[in-house]
*Asks:* 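Got a structure for you, questions after.
Every heavy atom of this structure was used, including side-chain atoms; hydrogens, water molecules and symmetry mates were not. In what follows, chains are A, B, ... by sequence order, proteins preceding strands, each numbered from 1.
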Amino acid sequence: MLPSSVIYYVLPRLQEMIAYRVVQSGECTPLKNICGIDVSYKDDFAFGTAVVMDSISFDTMEVAESVTPIKFPYIPGAFILREATPILYTMRLLRCDFDLLLLDGHGMLHPRKCGLASFVGVLINKPTIGIAKKLLCGEVNSEYFVEIDRTICGYMHMGASNKRIYISVGNRISLRDSIKLVSKLTREGQSIPEPLRLADLYSKHHCKLFCRN
DNA sequence: GCGACAG
DNA sequence: ATCTTGTCGC
């Protein structure tokens with residue numbers, strides 16, 4: 001089992017170092033191939049699914065799936081311990097390239113400005129956006145921006161059926177562009193951007209199929 | 001000390 | 001996240 005000193009001292013220092021590398025702005029180049037990765041869990045295994053989709057046509061370009069052993073428990077604020085490895089492993093299986101990665105969890109909307117999307121974004125040095133269903137920290141202001149210590153770190157987006165999601169910069173993109181892209185990539189009647197919604201759907205499906213044998 | 005706490 | 005049947009609602 002993981003020593004608590006790693007969770008309470010080593011990991012936070014690593015997160016602060018990674019947060020320092022986060023770039024909160026992006027280039028003007030069009031983001032064509034969008035990747036969404038999500039992970040489901042069953043017993044001792046993590047089932048990761050990556051979906052790459054064309055941002056204009058919404059055509060699925062590629063799907064990759066992986067099964068890896070679960071190494072860590074879920075600890076709020078230390079989510080990267082549990083989910084980063086399955087995500088990186090699944091991403092490695094992709095044959096086609098992508099311009100933007102969407103992840104289930106926060107980016108810089110995090111106590112140490114380094115949630116899952118920022119951690120992975122800095123590691124792979126690509127644009128990433130964090131999309132979470134619940135707040136880990138911060139307060140929503142009157143304009144739906146989420147503040148930590150009076151600094152804007154994210155945005156609360158109202159999806160279909162009054163379902164809300166919290167958007168934050170992962171890496172190499174602005175919050176403004178993140179909000180725009182999430183809206184653009186979300187289908188009518190849905191609240192989660194399509195690549196992530198499919199990744200979630202497929203990973204749960206893969207998980208159930210796998211466990212029936 | 002107590003409660004809150006991404007998936 | 002996952003464990004789980006029927007059930008309330010658009």
*Asks:* Rounded to whole Å, how long is the line connecting atom CG of A/Leu109 with atom P of B/dC5?
*Replies:* 13 Å

*Asks:* Between P on B/dG7 and CD1 on A/Ile70, what's the gap in Å once rounded to a whole number?
*Replies:* 16 Å

*Asks:* Given B/dA4, is OP1 or OP2 found less than 4.0 Å from the side-chain N or O atoms of A/Lys134?
*Replies:* no

*Asks:* How would you label the contact of A/Tyr74 with the nucleic acid (heavy atoms, under 4.0 Å): base, sugar-phosphate, or nothing?
*Replies:* base

*Asks:* Have a look at A/Leu116 and say if it touches a base, only the backbone sugar-phosphate, or nothing, with a 4.0 Å heavy-atom cut-off.
*Replies:* base

*Asks:* Take atom CE of A/Met17 as the centre, draw a 6.0 Å sphere, and report whether it contains more than 12 heavy atoms from other residues, nucleotides or ligands.
*Replies:* no

*Asks:* So what does A/Gly130 hit on the nucleic acid, given a heavy-atom distance under 4.0 Å: a base, only sugar-phosphate, or nothing?
*Replies:* nothing

*Asks:* Find out whether the Lys NZ or Arg CZ of A/Arg82 is both under 6.0 angstrom from the six-membered ring centre of A/Phe79 and within 45° of the ring's axis.
*Replies:* no

*Asks:* How many Å lie between CG on A/Leu196 and P on B/dG7, as a whole number?
*Replies:* 11 Å

*Asks:* Rounded to whole angstrom units, what separation is found between the CG atom of A/Asp38 and the C1' atom of C/dT2?
*Replies:* 13 Å

*Asks:* What is the distance from atom CD1 of A/Ile192 to atom OG1 of A/Thr186, rounded to the nearest 0.5 Å?
*Replies:* 7.5 Å

*Asks:* Check the distance between B/dG7's C1' and A/Ile37's CD1 and give it to me in whole angstrom.
*Replies:* 15 Å

*Asks:* Closer than 4.0 Å, any side-chain N/O of A/Lys42 to the OP1 or OP2 of C/dC3?
*Replies:* yes

*Asks:* A/Leu11 has an atom CG; how far is it from atom C1' of B/dC5, in whole Å?
*Replies:* 15 Å

*Asks:* With respect to the side chain of A/Phe79, which nucleotide from C/dC3, C/dA1, B/dA6 is positioned closest?
*Replies:* B/dA6

*Asks:* Taking the cut-offs as 6.0 angstrom to the six-membered ring centre and 45 degrees off its axis, would you call A/Lys126 and A/Phe98 a cation-pi pair?
*Replies:* yes

*Asks:* Any base atoms under 4.0 Å from A/Ala160, or only sugar-phosphate, or nothing? Heavy atoms, all strands.
*Replies:* nothing

*Asks:* Rounded to the nearest Å, what distance is computed from the NZ atom of residue A/Lys133 to the C1' atom of nucleotide B/dA6?
*Replies:* 9 Å

*Asks:* Just to be sure I understand the rule, does A/Ser40 reach a base, reach only the sugar-phosphate, or reach nothing, if contact means heavy atoms closer than 4.0 Å?
*Replies:* sugar-phosphate

*Asks:* Hey, is A/Glu147 close enough to A/Arg150 for a salt bridge, meaning N to O under 4.0 Å?
*Replies:* no

*Asks:* Just how far, in rounded Å, is P of C/dA1 from NZ of A/Lys71?
*Replies:* 23 Å

